[in-house]
Amino acid sequence: MIGFVRRGRRPGPSLVVLATAAVAIAGSAFAACVVVPGASELRVEQIGRVIFSELATDRARDLVTFGGGVCLELGGVEVRVEAASMIVRAAASAAVSIEAAGATVHAAGWRLIAARLDIDAESVRLADVTLVGHGVVGRATSMVLDLERGVMVASSLEVVTPTVRLVARFGTFVDGDRLVVEGVVASTCECPPTTAPIRVEGGSASLEVTAGILVVEDGILVIEEVRVPMPARLEVSEASLAALVVPITLGIVAEGERGLVVGLADSRDDGAVASGDVAFGARADPRWRAALAAASEGATVRVSARDGALAIAVARRVDLGGGVALVVSQRNEGGVVEGRLQDTALTLQAEHARHSVGDAPWRLDALAAVTGALSAQRGAGGDDVVAARGRVAASLGARAGTLTTGLASLAVEAGATGYVGSAVSQRWIGVAPRWRLSNGALAVDLQHAWRGVAGESPFSERIDRVDAEHRTDASIAIDAPAGLAASVHVRYDWRPDAVRPAAHRVGLERLRVSATVTVRDLGAASLVAVAALTVEAAGALDPRPRRDAFALASLSLATPDRAVEASVATEIGIGPIRAGVRSLTLAGAAPLRFAEGAVTLQPYLALDVWPLWTGTGGPRLVGHGLLLGWVTCCGALDVGYRAHPDGSVTTRVGFAIDAREPSLAELGW
């Protein structure tokens, strides 16, 4: 409701004028009419209180005309109407009504300027309306204020906010600050939405007027003549447009042994994900791989191909009620690289959860599963293994805690697998305690995982083999508001492994220390300086084959908007593998402006100059990127990519809107 719902019972029909007074109503919750010296006041039954300077009556036609500047307060609701004159009608067979031309209505913070209006005990009807309020302007061919329901309904509506402009066939104002519309066309462009080069069309939408947040249902993005279906629910706001993520990601990176890799990924809101890449240079012939995955209503499917090997996996979950579900799955893989594999399984699952949200919140989850499966796999030696199996497994998870004490959890699992026609079987039991604390700038995470496995499986871990585990992880991180961030992560593997040398059967997997210091408003240019240091020492303390130990140090300077940035970074080996300086990378980006600043190109380049420094070769290109900025009448668009020296690729699609003060001139009135 928008704040003018009628209070109390409505009196029955009668003649127009009830009483005369010359006092103002005090304590009103809205800006009431003001009684100026020399003005008179009358109360119109069914309608409300009217203040006027001139009065004319026509008893033959049962008309009363108020003039000299008229103000009307609708009885029981917070609606005020102002006009030069008003006509009150009361026919013997009809209810009382009021007519006015060139009137202004004040309701729920809105000012509605109408060419003409009609008022009765149930509604206010306006024609050729201009809307002003909440930093928003608009117009409508007609509006109805429903005094019983407390809503305003408009037809052929156009609204301009600081960030968006829309037109709609119908619109309903609810709670004063929310607009629900049907048949909507919206745009951020400074032109009528229906002719904007970039616009969104939808069947229905809602607009949070003050916040400028527009949510379109089942929308279509129109770019000139191109029409692109959008997600079922699309939010258009300054924040959401600035945080846009391009659904298709293209990356070109150097990836070690694979050489130059060109990758493409597409992720959609309907659960479908597609990816693929081609590697050049590592071999004489390019190597490629591709994958497509989708999920919908309990069903999942994944299709992947790699160098001629095709893999298909499908699964369907059917809920039987009471926490019981049936899962049917099928996997088929074939080819030289992937190896042949077929696996069909039928699993009956039973889940149960209990939780409390009182002073000591806790949660308990239990899962039991019984599986029957038939599998075939070609082993490393080229022999085929075919067997049917049955499996039972159960797990129990419990967690409890608060923000001050941290969240403690414990996971316990057990299971067994037997193979038809074979004496081989495997059994396992595992336990994993964990404690996490996140309090302000401090975050602590301690966890341990142990799983013991007895017996063996004729298949590999790609089908059902359960691996033993005995590992401890501990991390602590501090993110202080002053610009200091630091973290330590330790992982220790306690599990004996017959493949490792006897002296190294247990070992330190990770000992990583990171620290970042950010200084803002540095110098006259208000630069942002970031110094970072990461040290991985596990490879030096536990020098197993293929282990590494290194230090990464970097210093970067950038303007607050990151239009100009420069950095220097180095990697130093501190273990037995490649000890000493490995790289010295210089990187930078700067804008190039065209068309009087409307178009900006920001190239990014990163070079490893260490070979040049040592005389062993020329500088190596380790990073590159390009960002395009384009200021249009619809907003400022940023689109580009960056391949970082660490091999990762980021893409950006951002859209910023310059908030502007709406004016009636934009509506052409």
Side-chain angles (χ1 to χ4, degrees), residues 271-273 289-306 309-353 365-397 411-430 432 449 451-469:
V273 178
R289 60 187 179 186
L292 173 65
S296 176
E297 299 180 355
T300 60
V301 59
R302 177 179 173 83
V303 180
S304 61
R306 178 179 178 182
L310 183 66
I312 302 175
V314 295
R316 173 65 172 164
R317 176 187 173 96
V318 180
D319 289 321
L320 303 179
V324 180
L326 188 65
V327 180
V328 183
S329 62
Q330 170 71 43
R331 292 173 57 198
N332 291 278
E333 298 178 5
V336 178
V337 177
E338 295 287 345
R340 190 168 67 225
L341 181 153
Q342 292 181 324
D343 181 56
T344 302
L346 181 66
T347 302
L348 184 65
Q349 296 179 342
E351 299 176 86
H352 180 69
D365 295 278
L367 173 66
V370 179
T371 302
L374 177 63
S375 305
Q377 183 179 23
R378 173 166 293 178
D383 298 329
D384 289 335
V385 179
V386 180
R389 68 181 186 277
R391 166 184 288 207
V392 293
S395 64
L396 180 67
V412 180
E413 62 171 333
T417 303
Y419 301 89
V420 178
S422 174
V424 177
S425 65
Q426 60 176 346
R427 297 147 326 265
W428 70 92
I429 185 171
R451 184 191 295 122
V453 180
E456 59 182 358
S457 166
F459 299 106
S460 72
E461 68 280 359
R462 290 174 56 202
I463 291 186
D464 79 318
R465 193 176 70 196
V466 180
D467 285 339
E469 188 176 17

How long is the straight-line distance from [atom2] of [Y] back to [atom1] of [X], given to the nearest 0.5 Å?
{"X": "Arg302", "Y": "Leu292", "atom1": "CZ", "atom2": "CG", "answer": "9.0 Å"}
{"X": "Glu333", "Y": "Leu341", "atom1": "CD", "atom2": "CG", "answer": "5.0 Å"}
{"X": "Leu346", "Y": "Leu374", "atom1": "CG", "atom2": "CG", "answer": "12.5 Å"}
{"X": "Gln330", "Y": "Gln342", "atom1": "CD", "atom2": "CD", "answer": "7.0 Å"}
{"X": "His352", "Y": "Leu367", "atom1": "NE2", "atom2": "CG", "answer": "12.5 Å"}

Please give me the minimum heavy-atom distance between [X] and [Y], naming the atom from each residue.
{"X": "Arg316", "Y": "Ser296", "value": "NH1-O, 4.4 Å"}
{"X": "Trp428", "Y": "Thr417", "value": "CZ3-OG1, 3.6 Å"}
{"X": "Ala313", "Y": "Arg331", "value": "CB-CG, 3.9 Å"}

Exercise for the section: Say whether, by atom type as modelled, one donor and one acceptor occur between the side chain of Arg451 and the main chain of Asp467 under 3.5 angstrom. Expected result: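 Between the backbone of Asp467 and the side chain of Arg451 there is a qualifying donor-acceptor contact (under 3.5 Å).
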
Practice task
Could you please spell out the steps behind the side-chain contact (heavy atoms from CB on, under 4.5 Å) verdict for Val453 and Arg465?
Solution key: CA-CA 10 Å; Val453 180; Arg465 193 176 70 196; over 6 Å; no

Practice task
Could you please spell out the steps behind the side-chain contact (heavy atoms from CB on, under 4.5 Å) verdict for Val303 and Leu310?
Solution key: CA-CA 7 Å; Val303 180; Leu310 183 66; 4.0 Å; yes

Practice task
Taking atom types as modelled, find out whether Ser425 and Arg427 have a side-chain donor-acceptor pair closer than 3.5 angstrom.
Solution key: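 Checked: Ser425/Arg427 side chains pair up, N/O donor to acceptor below 3.5 Å.
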
Handout entry: Ser457 versus Asp464, side-chain donor and acceptor atoms under 3.5 Å
Key =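 Distance-only check passes for Asp464 and Ser457.
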
Problem - Residues that Leu320 engages under side-chain contact (heavy atoms from CB on, under 4.5 Å), provided they are two or more places apart - result: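 Counting only residues at least two positions away or on another chain, Leu320 forms a side-chain contact (heavy atoms from CB on, under 4.5 Å) with Val318, Val324, Leu326, Leu348.
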
Exercise for the section: Decide yes or no on side-chain contact (heavy atoms from CB on, under 4.5 Å) for Asp365 and Glu351, but give the supporting numbers first. Expected result: CA-CA 7 Å; Asp365 295 278; Glu351 299 176 86; over 6 Å; no

Exercise for the section: Identify the residue among Val424, Ile463, Thr371 that makes a side chain to side chain contact (heavy atoms under 4.5 Å, CB included) with Arg389. Expected result: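 Considering Val424, Ile463, Thr371, a side chain to side chain contact (heavy atoms under 4.5 Å, CB included) with Arg389 is found only for Ile463.
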
Practice task
Let me see the working for Arg391 and Val466 under side-chain contact (heavy atoms from CB on, under 4.5 Å), right down to the final yes or no.
Solution key: CA-CA 12 Å; Arg391 166 184 288 207; Val466 180; 4.1 Å; yes

